[in-house]
Amino acid sequence: MTVVLFTCAGQRVDIVTAFRRAGATTVATDLSELAPALYAADHRELIPAVGDPGYIGALAALVRQYGATLVVPLTDLDHEILATHRDEIPALVLLAGIDAIRRCADKWLAHRFFEEVGLPTPPTWLPDALPDDLPFPVLVKARRGFGSRGIYRANNHQELDYFLARVDTPSMVQRACAGEEFSIDVFCDLESRCLNAVPRTMIESKGGETIKGKTIKDRDLIEHGARVAEALGIVGPANVQCFREPDGSLPVTDVNPRFGGGFPLPTAAGSRYPELALELAAGGRPEPHLGDFEDGVILTRYFGEVILR
């Protein structure tokens, strides 16, 4: 039985539970003993903070202790340190290389990359290089923001100046997309071949988290998600966010190289992403099955809890 170690487990009970259902023995780690996902795993361990010099050593020790062959990060917090020090962890770290991680972490770098490789991306500028004919409305975005944090909509120059004067982190200005927003949950093998891509509608979200959504078997979105993932060099899971504009283009606004917040939806639709991850950890080379999922599956979420005594 494959042992999977999860880092920064936090609230991702859904992911830990899905891997258990897929047949894995699960080890969840977190800084806080109140992280709910700890209590969904077969084993739970507290470890130092991501910025602690002993973080990687603590993970490596747990990998050896439990005989884990797969490490799955559940948030963005430790991506860069894991990608940099993956050779020190005696297991497969299901994460893209450092270049892809840095591009995904910095929205400006991602935008520039998409321009270079010919993938659609909304017009975007740094605050000190705005054009005179700036097309409003625009968004002021933190370059390293996540969820909906650090995003402000400006409808005119006065609002833009107001937001730019108050942001205290490196930011960029991006033309607001006018079309419908989609998320595409993708999964790639160790060679960055996209094995599947599951688009979903964004019926409702709060704080960047999917609250309601529906899978949609749209060939253009499926192929687009695969192209973006392969161009970036994604390994394992990622979530591609894009809009379908009135002209039919699909500009990408964000890519998160991890399981997305709407993970239960592609899982319910038959993505088999946990099973694919376990197959990679066992040395397998699964074949792509783009579009192999159930269309029209709906997710609607509610709060859950863990009671401790």
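Within the 3.5 Å criterion, the main-chain N or O of V173 finds no donor-acceptor partner in the side chain of T124. Put simply, the side chain of T210 never gets that close to the backbone of S205: no donor and acceptor are under 3.5 Å apart. The backbone N or O of S249 lies less than 3.5 Å from a partner atom in the side chain of D247, making a donor-acceptor pair. No donor-acceptor distance shorter than 3.5 angstrom exists from the side chain of Q174 to the backbone of L139, with no hydrogens or angles considered. A donor-acceptor pair is defined here as one N or O able to donate and one able to accept, closer than 3.5 Å; no such pair exists between the side chain of R200 and the backbone of G213. A donor-acceptor pair is defined here as one N or O able to donate and one able to accept, closer than 3.5 Å; no such pair exists between the side chain of T7 and the backbone of L5. No donor-acceptor distance shorter than 3.5 angstrom exists from the side chain of R153 to the backbone of A176, with no hydrogens or angles considered.
The two atoms that bring L232 and A100 nearest to each other are O-CB, 3.3 Å, heavy atoms only. Nearest heavy atom pair, residue N239 against residue G260, reads CB-CA, 4.1 Å. Here the closest non-hydrogen pair linking E45 and L38 is O-CD2, 4.1 Å. Scanning both residues, K214 and L265, for their nearest heavy atoms gives N-CD2, 3.7 Å. C177 approaches F243 most closely through the heavy-atom pair CB-CG, 3.5 Å. Closest of all the heavy-atom pairs between G225 and V186 is O-CG1, 3.8 Å.
Between L94 and P237, some side-chain heavy-atom pair lies under the 4.5 Å cut-off. Looking only at side-chain heavy atoms (C-beta outward), D42 and T26 come within less than 4.5 Å of each other. Here the side chains of T253 and C242 are not in contact, with every heavy-atom distance at 4.5 Å or above. Two residues are said to be in side-chain contact when any heavy atoms from C-beta on lie closer than 4.5 Å; L62 and V27 fail this criterion. At least one side-chain heavy atom of E115 sits less than 4.5 Å from a side-chain heavy atom of R112. In this structure the side chain of I203 never reaches within 4.5 angstrom of the side chain of T300, judged on heavy atoms. With contacts defined as side-chain heavy-atom distances shorter than 4.5 Å, the pair T17/R20 does not qualify. Annotation: side chain of K107 is in contact with side chain of D254 (closest heavy-atom distance under 4.5 Å).
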Got a list of side-chain donor-acceptor pairs under 3.5 Å for residues 277-298, not counting sequence neighbours?
{"from": "R285", "atom 1": "NH2", "to": "E191", "atom 2": "OE1", "distance (Å)": "2.5"}
{"from": "D295", "atom 1": "OD1", "to": "K217", "atom 2": "N", "distance (Å)": "2.9"}

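Rounded to the nearest 0.5 Å, atoms CD1 (I222) and CD1 (I184) are 8.5 Å apart. The CD1 atom of I81 sits 4.5 Å away from the CD1 atom of I56 when rounded to the nearest 0.5 Å. We find the CZ-CZ distance between R102 and R144 to be 9.0 Å, quoted to the nearest 0.5 Å. Annotation: the span from L164 atom CG to M172 atom CE amounts to 12.5 Å, rounded to 0.5 Å. A distance of 10.0 Å separates SG of C188 from CG of N196, quoted to the nearest 0.5 Å. Atom CG of residue L95 and atom CG of residue L82 lie 6.5 Å apart, to the nearest 0.5 angstrom.
Note: W108 and H111 have tilted aromatic rings, judged against thresholds of 30 and 60 degrees for the angle between ring planes. Between F19 and F6, the angle of the ring planes goes over 60°, which puts this pair in the perpendicular group of the 30/60° scheme.
Using a 4.0 Å cut-off between charged side-chain N and carboxylate O, E245 and R175 make a salt bridge. Looking at R12 and D14, a side-chain N of the basic residue comes within less than 4.0 Å of a carboxylate O on the acidic one, giving a salt bridge.
Atom OH of Y66 has more than 12 neighbouring heavy atoms from other residues, nucleotides or ligands inside a 6.0 Å radius. For Y162, the OH atom sits in a loose shell: 12 or fewer heavy atoms of surrounding residues, nucleotides or ligands are nearer than 6.0 Å. The number of heavy atoms from other shown groups lying within 6.0 Å of CD (Q241) is above 12.
Not counting sequence neighbours, the partners of R193 by the side-chain hydrogen bond (donor to acceptor under 3.5 Å, both in side chains) test are D189.
No continuous path of ILVMFWY side-chain contacts below 4.5 Å connects I89 to V4, so the two sit in separate hydrophobic clusters. Criterion: ILVMFWY side-chain heavy atoms under 4.5 Å apart, direct or through other members. Under it, Y55 and L46 are not part of a common hydrophobic cluster. No single ILVMFWY cluster, assembled from side-chain heavy atoms under 4.5 Å apart, contains both I101 and L109. Follow the hydrophobic side-chain contacts under 4.5 Å out from F163 and you reach W125 in the same cluster. If you chain together hydrophobic residues whose side chains sit under 4.5 Å apart, I216 and V228 fall into the same group.
Only one option out of V198, V240, L250 pairs with L221 in a side-chain contact (heavy atoms from CB on, under 4.5 Å); it is L250.
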Dump the intermediate steps for side chain to side chain contact (heavy atoms under 4.5 Å, CB included) on V235 and L190, then the final yes or no. CA-CA 5 Å; V235 171; L190 305 186; 3.8 Å; yes
Could you please spell out the steps behind the side chain to side chain contact (heavy atoms under 4.5 Å, CB included) verdict for F113 and V255? CA-CA 12 Å; F113 174 78; V255 178; over 6 Å; no
With side chain to side chain contact (heavy atoms under 4.5 Å, CB included) as the criterion, how do L308 and L34 come out once you've worked through the C-alpha distance, each side chain's angles and the decisive distance to 0.1 Å? CA-CA 9 Å; L308 305 174; L34 298 182; 4.0 Å; yes
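For residues 182-214, the ring pair (Phe, Tyr, Trp, His ring centres under 6.0 Å) pairs, not counting sequence neighbours, are F187-Y273.
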